[in-house]
2 protein chains.
Amino acid sequence: MNTPLKDVAPEKRGRKQSKEVRRLQLIEATIDSLARRGYAETTMADVADGAGLSRGIVNFHFESKEKLLVATLQHMYDEYSAHWRSACNRAGDDPARQMAALVAADFDRAVCNRRKLAAWCAFWGEAKSRPTYQALCGARDAAYQNLFVELCRALKEDGAYGFDAQAMALALSAMLEGLWLRLMMGTEDVTRESALVAANEFLAAVFPRHYVRGAGVPEGKAIRIA
Amino acid sequence: MNTPLKDVAPEKRGRKQSKEVRRLQLIEATIDSLARRGYAETTMADVADGAGLSRGIVNFHFESKEKLLVATLQHMYDEYSAHWRSACNRAGDDPARQMAALVAADFDRAVCNRRKLAAWCAFWGEAKSRPTYQALCGARDAAYQNLFVELCRALKEDGAYGFDAQAMALALSAMLEGLWLRLMMGTEDVTRESALVAANEFLAAVFPRHYVRGAGVPEGKAIRIA
DNA sequence: CTATTTTGAATGAATGTTCAACAAACGAGT
DNA sequence: ACTCGTTTGTTGAACATTCATTCAAAATAG
């Protein structure tokens with residue numbers, strides 16, 4: 001017997017890892033292509049070239065172009081989900097801090113940069129006509145939305161506000177997504193910083209007893225935001 | 001009489017009108033295809049079939065696929081611009097009424113329906129990599145944005161609010177765009193009605209001295225919103 | 001030596017564009 | 001009113017190109 005792995009490893013870790021690394025490499029190249037050329041112009045050849053590999057390689061690691069794109073979208077979805085969950089956890093138990101953390105996380109360099117935003121938008125454009133994309137395309141998914149509703153409810157009770165929690169959560173998360181869209185288009189002089197300022201203006205206006213504007217001095221237990 | 005134009009019109013009106021009608025017919029078929037199949041899957045053949053015409057006809061009325069798509073985008077842009085300008089004019093001189101009218105106009109059936117929203121999103125997905133699209137793709141363009149800033153300024157002065165007008169205008173218009181995005185995705189149970197409610201919650205929260213929520217009784221000169 | 005990964009050319013399908021032929025509308029001359 | 005030649009609009013097949021996919025052969029790892 002020439003059993004190659006007999007004395008090295010029961011699980012062929014080297015192989016598997018290499019395979020996963022290559023998949024990631026191709027996914028990154030796909031994001032590049034989507035950002036640079038858009039969904040319609042993204043070709044298998046462009047992805048392979050971007051990764052510095054040969055033409056047929058993508059069909060080996062992913063079965064088809066369709067599956068490559070789904071894997072890419074899934075990758076971005078997982079990354080975004082992990083990002084906001086982590087930000088929320090790090091904020092502790094105070095709903096006001098959690099909300100501020102979620103908003104700030106949305107404009108963090110790690111997830112909010114031209115490359116990723118452009119890739120997101122490329123998928124958005126195709127989502128309506130592709131059920132497979134649709135589920136993954138709301139990076140702000142049902143779980144995210146529910147969290148926002150809960151936070152709005154908690155803040156409303158604590159601050160005795162008059163709004164409807166569900167409607168306000170919708171308005172808030174829609175604004176975050178709209179700001180992403182503006183950042184991506186990049187026509188106006190909207191930056192990550194000015195977008196975050198706008199979002200914080202919103203928080204200060206809607207939850208005046210929980211947030212105060214950057215320059216001001218925090219009163220009571222209100223949080224100062226940039 | 002069967003000499004139709006001899007004694008009727010020196011300019012061959014019938015001809016010209018027919019040509020424009022056909023162009024519109026093809027543009028509508030393009031919007032259909034974009035909404036049904038997405039940007040990447042929209043083909044000349046599909047557009048021609050959708051209009052019930054033969055394959056070569058699009059290249060006759062528009063020179064190329066690219067020009068057809070630009071004309072379609074321009075058409076949607078013009079329609080949207082005319083819509084919000086008209087809504088604003090009809091609202092009179094009061095900034096509070098103008099703002100409410102603009103927000104309501106955004107969720108009017110005429111511009112806010114699955115077909116049109118899907119077509120907008122299809123273009124958004126390609127805008128970043130195509131300068132020609134980019135200029136037209138912000139349906140909410142510089143003029144619209146400036147108007148929002150002015151209205152926010154006017155309301156701020158009148159109501160002695162503490163926010164930054166420019167930032168608040170950005171947050172507001174971003175929220176409207178974000179709500180469009182949610183409507184288009186159609187994953188959650190967001191409807192035109194619930195989107196408008198959310199937007200109005202925003203107005204009531206940010207401009208409390210100008211807007212009161214639907215059920216409440218208007219105090220002073222505040223406007224009741226749904 | 002065997003199994004896995006990579007290559008790059010071949011293949012076939014899809015699609016935008018062109019174009020020669022055809023149809024209809026039109027204006028002028030009779 | 002009735003042709004006739006011209007312009008305009010339309011058709012559908014032919015063409016060229018692009019691109020995803022396949023696969024036999026080569027390279028590499030085990």
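Just so we're on the same page: letters track the sequence lines, and every chain starts at 1.
- Counted by atom type alone, Tyr80(A) and Asp141(A) present zero donor-acceptor pairs between their side chains at under 3.5 Å.
- Distances shorter than 4.0 Å separate some side-chain N or O of Lys19(A) from OP1 or OP2 on dT5(C).
- Per the geometry, CG belonging to Leu26(A) stands 10 Å off P belonging to dT7(C), to the nearest Å.
- The environment of Glu63(A) atom CD is sparse: at most 12 non-hydrogen atoms of other residues, nucleotides or ligands sit within 6.0 angstrom.
- Arg97(B) CZ: 12 or fewer foreign heavy atoms inside a 6.0 Å radius.
- Rounding to whole angstrom units, NZ of residue Lys67(A) and P of dA20(D) are separated by 16 Å.
- Put simply, CZ on Arg37(A) is 11 Å from C1' on dC19(D), counting in whole angstrom units.
- Taken over five-pair windows at either terminus, the axes of the helix from dC1(C)-dG30(D) to dT30(C)-dA1(D) are inclined to one another by 10° (rounded to 10 degrees).
- Of the candidate nucleotides dT17(C), dT5(C), dT10(D), dT10(D) has the atom lying nearest to any side-chain atom of Arg22(B).
- Taking the side chain as every heavy atom from C-beta outward, Lys128(A) and Tyr133(A) never approach each other to under 4.5 Å.
- Whole-Å rounding puts the Met44(A) CE to dA13(C) P distance at 18 Å.
- Protein atom NZ of Lys65(B) is 14 Å distant from nucleotide atom P of dT18(D), rounded to whole Å.
- For Gln166(B), the CD atom is loosely surrounded, since the number of other residues' heavy atoms within 6.0 Å does not exceed 12.
- Looking only at atom types and distance, the side chain of Ser173(B) has a donor-acceptor partner in the side chain of Arg182(A) under 3.5 Å away.
- Atom CZ in Phe202(B) sits 8.5 Å away from atom CG in Leu176(B) (nearest 0.5 Å).
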Evaluation steps, salt bridge (Lys or Arg N to Asp or Glu O under 4.0 Å), between Arg115(B) and Glu28(B): CA-CA 10 Å; Arg115(B) 204 179 78 106; Glu28(B) 290 300 322; 2.5 Å; yes
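- A heavy-atom distance below 4.0 Å to DNA chain D is reached by these residues of residues 45-63 of chain B, ordered by number: Leu53(B), Ser54(B), Gly56(B), Ile57(B), Phe60(B), His61(B).
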